[in-house]
Engineer: 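I have a structure I would like to understand better, so I am pasting it below and will then ask my questions one at a time.
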Amino acid sequence: MMKIFFSPKYSVDIGDHVFPTAKFAMAAEKLKGDGEMVEPQPPSRDELLLAHAPDWVDRVLDGKLTLNEETTMELPWSIMLAEAHALSVSGTILACREALSTGLGLHCGGGSHHAFPNHGEGFCVFNDIACGILKMIQERRVVRAMVVDLDVHQGNGTAAIFHGRPEVFTFSMHQGDIYPTPKTPGSLDVELRAGAGNREFLETLEKHLPKILDSHRPELVVYQAGADVYENDVLGGLKLTREGVRLRDEAVFKHCFERRIPVAVTLGGGYAERLEETAELHAQTIKTAMESYRHAGSHI
Ligand SMILES: [Zn+2]
């Protein structure tokens with residue numbers, strides 16, 4: 001059975017909020033028969049420091065954020081919240097390590113792509129994607145890596161962290177006319193118009209992904225599989241159907257596995273009107289990853 005990294009501690013009571021923290025637990029529940037749930041342990045301070053300033057890390061963990069910082073983060077601080085977001089860094093580090101040993105690493109959580117070195121934004125506190133990649137580089141498991149970020153929002157925090165580090169290619173395909181504004185340029189940013197739909201999304205992905213995989217030749221891809229591209233999402237407007245989301249995920253895995261590139265999956269955003277739909281989409285991403293992996297067989 002494949003490992004799925006997940007912690008029940010990801011569910012934190014943050015009151016009446018558009019970010020449903022329970023969505024990862026609901027997705028994990030749907031995946032119980034498919035994989036072995038493995039709980040991450042809290043990361044070391046050094047692991048958080050891979051992508052973050054000491055001042056930010058310490059003040060998040062000690063509960064010393066300013067009101068302004070909490071407002072920008074769009075999350076109310078609590079010790080449970082700080083611990084949940086730190087744990088999610090471990091979840092992505094473990095998924096990266098698993099990807100490098102088996103070809104596929106699955107994190108039922110993570111994808112906090114709006115977290116910057118010294119501040120949090122848009123429901124993100126610590127950038128698990130960046131910490132995961134930087135940990136693999138530090139451990140000399142990889143030299144070149146890539147972030148494939150297909151959340152409806154641009155991966156501004158990830159782009160900022162890897163700015164000036166050409167060994168890590170940051171690709172973000174997103175809706176152009178929503179948060180974040182302005183965007184922080186990454187290695188390749190592709191904007192789509194509101195209402196793009198399945199076809200335009202998938203064609204644009206086909207146009208760019210194979211090309212950048214071949215030119216950058218990453219030894220690890222971290223995939224941010226945001227479910228907020230979905231047609232019933234309240235924050236996103238790209239209008240992909242459920243099948244469109246599945247085809248998007250399948251395309252990412254196919255192109256990576258064909259090239260024998262290991263993939264670590266993180267789930268990212270997802271704000272469908274019905275929480276159940278978001279959980280379904282997150283679970284579908286993990287199941288699609290497993291199917292594509294099995295299909296690729298010994299090629300990875
Ligand atoms: Zn998003």
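Only a predicted model underlies this, so the values are computations on that prediction, with no experimental measurement involved. Whatever order the structure lists them in is the order used to number ligands and atoms, beginning at 1. The figures here come from the full heavy-atom set of this structure, side chains too, leaving out hydrogens, waters and symmetry mates.
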Engineer: Is the Zn ion (ligand 1) less than 2.8 Å from an N/O/S atom of H113, whether that atom is in the backbone or a side chain?
Structural biologist: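 Coordinating: no.
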
Engineer: Around atom NZ of K30, are there more than 12 heavy atoms of other residues, nucleotides or ligands at under 6.0 Å?
Structural biologist: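 Yes, because the 6.0 Å sphere around NZ of K30 holds more than 12 heavy atoms from other groups.
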
Engineer: Provide the atom name of the closest N, O or S atom of H153 relative to the Zn ion (ligand 1).
Structural biologist: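 Restricting H153 to its N, O and S atoms, the minimum distance to the Zn ion (ligand 1) goes to ND1.
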
Engineer: So if I apply the side-chain contact (heavy atoms from CB on, under 4.5 Å) rule between F171 and each of V147, L150, D189, which one comes out positive?
Structural biologist: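 Result for side-chain contact (heavy atoms from CB on, under 4.5 Å) with F171: L150.
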
Engineer: Taking the six-membered ring for Trp and the full ring for Phe, Tyr or His, determine whether the centres of F24 and H282 are under 6.0 Å apart.
Structural biologist: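 Ring centres of H282 and F24 closer than 6.0 Å.
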
Engineer: Which is the closest N/O/S atom of D151 when seen from the Zn ion (ligand 1)?
Structural biologist: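 For D151, the N/O/S atom sitting closest to the Zn ion (ligand 1) is OD1.
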
Engineer: With carbon and hydrogen excluded and only N/O/S kept, which atom of D228 is nearest the Zn ion (ligand 1)?
Structural biologist: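 D228's closest N, O or S atom to the Zn ion (ligand 1) is named OD2.
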
Engineer: With no hydrogens and no angle check, do the side chains of D249 and T288 hold a donor and an acceptor under 3.5 Å apart?
Structural biologist: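 No, T288 and D249 have no side-chain donor paired with an acceptor closer than 3.5 Å.
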
